[in-house]
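Notes follow once the structure below has been shown.
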Amino acid sequence: YKSARVRLASMAPGLKDFNRTLTADKATFSIGTDATCALKVKGPLVSRSHAVVEFQPEKGSVYIVDTSTNGTFLNGKRLPPKASAK
């Protein structure tokens with residue numbers, strides 16, 4: 001696979017949807033409160049580096065990696081800490 005289109009739809013009022021195309025050359029983006037994050041989200045439960053979205057072209061898969069101290073939820077389910085989930 002050459003690329004993956006990622007679309008994050010906000011489930012909270014006031015947050016905008018986010019779209020990004022990931023490629024082998026640009027395979028990740030970060031989510032958090034830090035100014036260096038591609039997707040900046042403010043909130044008392046959001047860490048500076050909250051999560052990383054990672055594309056693995058050889059598998060054709062996109063993973064979410066929890067890098068927070070507060071925990072990360074995907075589709076309402078908590079991800080294992082510092083681990084990845086599809």
Side-chain angles (χ1 to χ4, degrees):
Y1 296 86
K2 294 184 183 204
S3 66
R5 181 86 172 145
V6 176
R7 179 179 177 270
L8 303 176
S10 173
M11 296 176 69
L15 293 178
K16 296 179 182 179
D17 290 353
F18 182 82
N19 295 288
R20 176 69 54 102
T21 298
L22 299 176
T23 64
D25 293 334
K26 197 156 183 147
T28 65
F29 69 87
S30 57
I31 301 169
T33 61
D34 194 81
T36 62
C37 292
L39 176 55
K40 292 165 205 63
V41 180
K42 296 186 185 232
L45 298 176
V46 181
S47 301
R48 281 179 297 212
S49 175
H50 198 83
V52 173
V53 178
E54 175 183 287
F55 172 52
Q56 293 187 359
E58 64 281 356
K59 294 182 179 179
S61 300
V62 175
Y63 297 94
I64 307 292
V65 180
D66 176 12
T67 57
S68 76
T69 55
N70 300 314
T72 299
F73 290 80
L74 177 64
N75 296 329
K77 295 181 182 177
R78 189 177 183 136
L79 296 179
K82 308 291 187 233
S84 38
K86 292 182 186 175

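- Of the inter-residue distances, the one linking Arg5 atom CZ with Arg20 atom CZ reads 9.5 Å to the nearest 0.5 angstrom.
- For the residue pair Cys37 and Gly32, the shortest heavy atom distance occurs at SG-N, 3.6 Å.
- Contact between Thr33 and Val41 at its shortest, heavy atoms only, is CG2-O, 3.0 Å.
- Scanning both residues, Val62 and Phe55, for their nearest heavy atoms gives CG2-CD1, 4.0 Å.
- Expressed to the nearest 0.5 Å, how far OG of Ser30 lies from NZ of Lys40 amounts to 8.0 Å.
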(request) Walk me through it: do Ser3 and Thr21 pass the test side-chain hydrogen bond (donor to acceptor under 3.5 Å, both in side chains)? (result) CA-CA 7 Å; Ser3 66; Thr21 298; over 6 Å; no
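- No single ILVMFWY cluster, assembled from side-chain heavy atoms under 4.5 Å apart, contains both Phe73 and Val52.
- With no hydrogens or angles considered, a side-chain donor-acceptor pair links Thr72 and His50 at under 3.5 Å.
- Around atom CG of Asn75, no more than 12 heavy atoms belonging to other residues, nucleotides or ligands sit under 6.0 Å away.
- With hydrogens and angles disregarded, a donor-acceptor distance shorter than 3.5 Å links the side chain of Asp17 to the backbone of Ser10.
- For the pair Gly71 and Asp66, the tightest heavy-atom approach, listed with the atom from each and the gap, is CA-OD2, 3.9 Å.
- With hydrogens and angles disregarded, no donor-acceptor distance shorter than 3.5 Å links the side chain of Ser49 to the backbone of Thr67.
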(request) Any chance you could lay out the side-chain contact (heavy atoms from CB on, under 4.5 Å) test for Val6 and Phe29, step after step, and finish with the verdict? (result) CA-CA 10 Å; Val6 176; Phe29 69 87; 4.1 Å; yes
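- Counted by atom type alone, Asn70 and Ser68 present zero donor-acceptor pairs between their side chains at under 3.5 Å.
- Taking every heavy atom of both residues into account, Ile64 and Ala51 meet most closely at CG2-CB, 4.3 Å.
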